[in-house]
Amino acid sequence: QVQLVESGGGLVQPGGSLRLSCVASTSIGSLNIMAWFRQAPRKQRELVASIPNGGSAYYTDSVKGRFTISRDNMKNTISLQMDSLKPEDTAMYYCVAPALSSWGQGTQVTVSS
């Protein structure tokens with residue numbers, strides 16, 4: 001198991017940016033995939049982006065060109081840069097290590113004027 005702690009959420013106006021960070025309690029270098037999920041009220045949880053150790057990242061269609069996922073195995077961190085935010089991006093965002101079924105506690109992102 002690995003403990004994942006997210007930070008960086010908040011309230012932002014449409015068109016604004018936020019950067020989410022996730023710190024893992026142990027090394028993530030051996031974990032191939034790290035991911036960000038989100039869940040909006042009354043909606044199913046969805047995969048936002050994932051990043052392997054090497055290779056190309058995956059993005060759900062609705063965030064392509066606006067979000068960028070990255071990882072730093074030396075610092076055991078995973079980040080999600082979110083630009084051009086829209087109200088429909090409002091959700092709780094979770095950092096996930098799928099191979100270990102480990103989820104963080106989530107960080108709330110609210111996009112509203």
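When a residue number appears, it is its place in the shown sequence, counting from 1.
- Distance check: Ser17 OG to Phe67 CZ gives 9.5 Å after rounding to the nearest 0.5 Å.
- In this structure, Leu11 and Ser112 have side chains that are in contact, with non-hydrogen atoms separated by less than 4.5 Å.
- With Glu6 contributing its side chain and Gln105 its backbone, the two residues share a donor-acceptor pair below 3.5 Å.
- Between Ile78 and Ile69, some side-chain heavy-atom pair lies under the 4.5 Å cut-off.
- Atom CD of Glu46 is surrounded by more than 12 heavy atoms from other residues, nucleotides or ligands within 6.0 Å.
- For the pair Tyr94/Leu20, no side-chain contact is recorded, criterion being any heavy-atom separation below 4.5 Å from C-beta on.
- Asn53 places no side-chain N or O within 3.5 Å of a backbone atom of Ser30 that could act as its donor or acceptor partner.
- The CD1 atom of Ile51 sits 6.5 Å away from atom OH of Tyr59, with the distance rounded to the nearest 0.5 Å.
- The minimum heavy-atom distance linking Ser70 with Arg19 is given by the pair OG-NH2, 3.8 Å.
- When all heavy atoms are compared, the tightest approach of Val2 to Ala97 is CG1-CB, 4.0 Å.
- Under the 3.5 Å distance criterion, the side-chain polar atoms of Ser21 are left unmatched by any main-chain donor or acceptor of Ser79.
- Note on Val23: it does not cluster hydrophobically with Met82, by side-chain heavy-atom contacts below 4.5 Å among ILVMFWY residues.
- Taken from CD1 in Ile28 to CG in Asp72, the straight-line distance is 7.5 Å, to the nearest 0.5 Å.
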**OP:** Kindly determine whether Trp103 and Phe37 satisfy ring pair (Phe, Tyr, Trp, His ring centres under 6.0 Å), including the steps that lead there.
**Re:** CA-CA 9 Å; Trp103 292 67; Phe37 281 72; 4.9 Å; yes
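- Of all heavy-atom pairs between Gly29 and Ser27, the closest is N-OG, 3.2 Å.
- Note that OG1 of Thr107 and CE of Met92 are 7.5 Å apart. Values are rounded to the nearest 0.5 Å.
- Without hydrogens or angle criteria, Asn76 side chain to Ser25 main chain gives no donor-acceptor distance under 3.5 Å.
- Put simply, the side chain of Gln108 reaches to within 4.5 Å of the side chain of Thr90, judged on heavy atoms.
- Follow the hydrophobic side-chain contacts under 4.5 Å out from Met34 and you never reach Tyr58; the two are in separate clusters.
- Put simply, CG on Leu4 and SG on Cys22 are 4.5 Å apart, with the number rounded to the nearest 0.5 Å.
- Judged purely by atom type and a 3.5 angstrom limit, Arg38 has no side-chain atom pairing as donor or acceptor with the backbone of Val109.
- Partners of Gln1 according to the side-chain hydrogen bond (donor to acceptor under 3.5 Å, both in side chains) rule, which considers only residues two or more places apart in sequence or in another chain, are Ser102.
- Ionic pairing of Asp89 and Lys86 is not present here: no N-O contact between side-chain nitrogen and carboxylate oxygen is shorter than 4.0 angstrom.
- With values rounded to the nearest 0.5 angstrom, Thr26 atom OG1 is found 7.0 Å from Leu31 atom CG.
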